[in-house]
Amino acid sequence: MSARFQTPRGTEDVLPEEQPYWRAIHEAAAEVTRLFGYERIDTPTFEDAALFEKGTGDTTDIVEKEMYAFADRGGEALTLVPEATPAICRAYLEHGLASRPQPVRLFTIARMFRYNRPQLGRLRQFHQFDCEVVGTDAALVDAELIELHWRFYERLGLRDLEIRLGSIDDPEARRAYLDRLREYYLPLREKLSEDSRRRLDRNPLRLLDSNDPGDQALREGAPTMIDDLSPAAAEHFEGVKDTLTAAGVPFVVDPLLVRGLDYYNRTVWEIVPKGDGRQQSSVGAGGRYDGLIETIGGKPTPASGFATGLERVIIEMKRQEVSLVEPQVPDAFVVHAGAEGVRAAVGVAANLRTAGIATMLGEAGRSFRAQMRRANGSGARYAVIVGEDEAVRGVAALKDLREEGDQEDVPLGEIATRLGERFR
RNA sequence: GUGGGCGUAGCGUAGUGGUUAACGCGUCAGGUUGUGGCCCUGAAGAUCGAGGGUUCAAAUCCCUCCGUCCACCCCA
């Protein structure tokens, strides 16, 4: 059994019965981006590894231990893309998108790759719907992205989600805050959990969202960033909140919201299902990243964006049992018998399809009964029966497969128009 | 990357040391001359995730690996 090949760890096949979810997602993304005026961009599946080492940050887990980095046959240091943002920024610089009317509003739907331990909602190859606005520092645009993000889920029929909104200020102010945070925690070091002692050295912000009860108690007295933002960041944050309120988008301010990526500044947000205990349940997250483009070699250019994990969205769609469009079924199923019947059946099927009627044909070599069973199982509304008799008489029996199953003979040349009328 | 649970036909399960591994769903074929659904009959389909070990005997016990799920880490 295991001699058989299987999907690599953390990857999955998307079988036909899963496709309705993906179709719904693609349609929702297309619609919501159209409504907000975002244009699609697609970037390569692999990029220069240094793009992420610089852009994402070489101290982030993504770069340190999750990149599918490799040297190609020519020795180039490449990596499968772990996140879209640096790639889109690279494209922005490479193609001079700064010379277009600013800001540029872009989106993509793409595969991402991160080498980590798979879990439900955490795969090594996964998909993201990603929106980025490059070339403005307007608070309005942060709010626009959050609204677009929110409307995407709404359009998919998801409910009971919550927007958690925060601000992590600008780099200088954040450094000052981090110093204060360290000052607060240093005397408490011995009381912290082992993990959090490590966080204290590596990433003090993480102390704030520790799950350890002891750490959570200590957090009570910790300084918060959101209450003490620099004037510019505070004003920006107010702008985001005001705009969201004006747009009628609900949110909760989360003073402890910590985003993992180094490049974020000011606005950060995350959208999570309410009351889901699982850890991997955040369906999407975003933030402002004014420093990123400069980091990867461009002129200082403000930007903001978000990504949503589509496999996680599907998990949530299933959990909430969102209704999907009917699975695709043929309109007609052509059943045949005998050599003449086959010939006529193929002709009829061709005519039907030309007329826009979705038509399946019974496989030759199957019994009549088997074909009828298949016709029924296909979900087709009508069976078109062409046997020896009918072929000779130049007709086909048109049979309604619902309920009783009335049937009538119709001349071969008139089947398409007759069926067309019935579907009208 | 760390710790733990699980792994029997396509799917869902039964079987916990002893004859040819069972059931439901699904698939395929039939159920008299060319008519589906319901029903009936039959068939195919599993080296019991893989490899090794213990034993007269292993789906069942042990080890390793693989996969999956959960927690951690982190994140979409």
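Below, chain A is the first sequence line, B the second, and so on; all start at residue 1. The figures here come from the full heavy-atom set of this structure, side chains too, leaving out hydrogens, waters and symmetry mates.
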Using whole Å, what does the distance between atom [atom2] of nucleotide [N] and atom [atom1] of [X] come to?
X	N	atom1	atom2	result
A:E388	B:U33	CD	P	15 Å
A:I62	B:G1	CD1	C1'	16 Å
A:R312	B:C69	CZ	C1'	15 Å
A:W269	B:A76	CH2	P	12 Å
A:E340	B:G34	CD	P	17 Å
A:Q371	B:A29	CD	P	10 Å
A:L80	B:A76	CG	P	18 Å
A:Y264	B:A76	OH	C1'	10 Å

Contact check, side chains of A:I25 and A:F152, non-hydrogen atoms, under 4.5 Å: yes
Looking for any heavy atom pair under 4.0 Å, which part of the strands does [X] touch: base, sugar-phosphate only, or nothing?
X	answer
A:D130	nothing
A:S367	sugar-phosphate
A:R111	nothing
A:G10	sugar-phosphate
A:G387	base
A:E390	base
A:L123	base

Should [N] form a Watson-Crick or G-U wobble pair with both distances under 3.5 Å, which nucleotide is its partner?
N	result
B:G24	B:C11
B:A76	none
B:G45	none
B:U2	B:A71
B:C56	B:G18
B:G30	B:C40

Pairwise [atom1] distance for [N] and [M], with rounding to whole Å:
N	M	atom1	value
B:C69	B:A9	C1'	23 Å
B:G37	B:U27	P	12 Å
B:C40	B:U19	C1'	32 Å
B:G45	B:U8	C1'	14 Å
B:U20	B:A59	P	10 Å
B:C62	B:C74	C1'	35 Å
B:A21	B:A46	P	13 Å
B:U64	B:C25	P	41 Å

Proximity to the side chain of [X] - top-ranked nucleotide from [options]:
X	options	value
A:E66	B:G34, B:C74, B:G67	B:C74
A:R374	B:U68, B:C28, B:C73	B:C28
A:L120	B:C69, B:A71, B:A76	B:C69
A:Q119	B:G30, B:C70, B:G1	B:C70
A:Q407	B:G1, B:G30, B:U35	B:U35
A:R369	B:C66, B:G31, B:U35	B:G31
A:R122	B:C72, B:U68, B:U35	B:C72
A:R9	B:C70, B:C39, B:G67	B:G67
A:N116	B:A76, B:G3, B:G34	B:A76
A:R373	B:G1, B:G30, B:U35	B:G30

Geometric class of the A:Y38/A:F36 ring pair [parallel <30°, tilted 30-60°, perpendicular >60°]: perpendicular
Side-chain donor/acceptor of A:R288 to backbone N/O of A:T267, under 3.5 Å: no
Any donor-acceptor pair under 3.5 Å from A:R122 side chain to A:R117 backbone: yes
Of A:F126 and A:K65, the one whose closest RNA chain B nucleotide lies more 5': A:K65
Position toward the 5' end of RNA chain B (nearest nucleotide), A:R114 or A:R402: A:R402
Residues A:K399 and A:E390 bridged, charged N to O under 4.0 Å: no
Heavy atoms of other groups near A:R23 CZ, more than 12 under 6.0 Å: yes
Within 45° cone of A:F251 ring axis and under 6.0 Å: A:K241 NZ or CZ: no
Qualifying residue for side-chain hydrogen bond (donor to acceptor under 3.5 Å, both in side chains) with A:T85, from A:Q128, A:R90, A:E132: A:E132
Output field: ring centroids A:Y382/A:F423 closer than 6.0 Å: yes
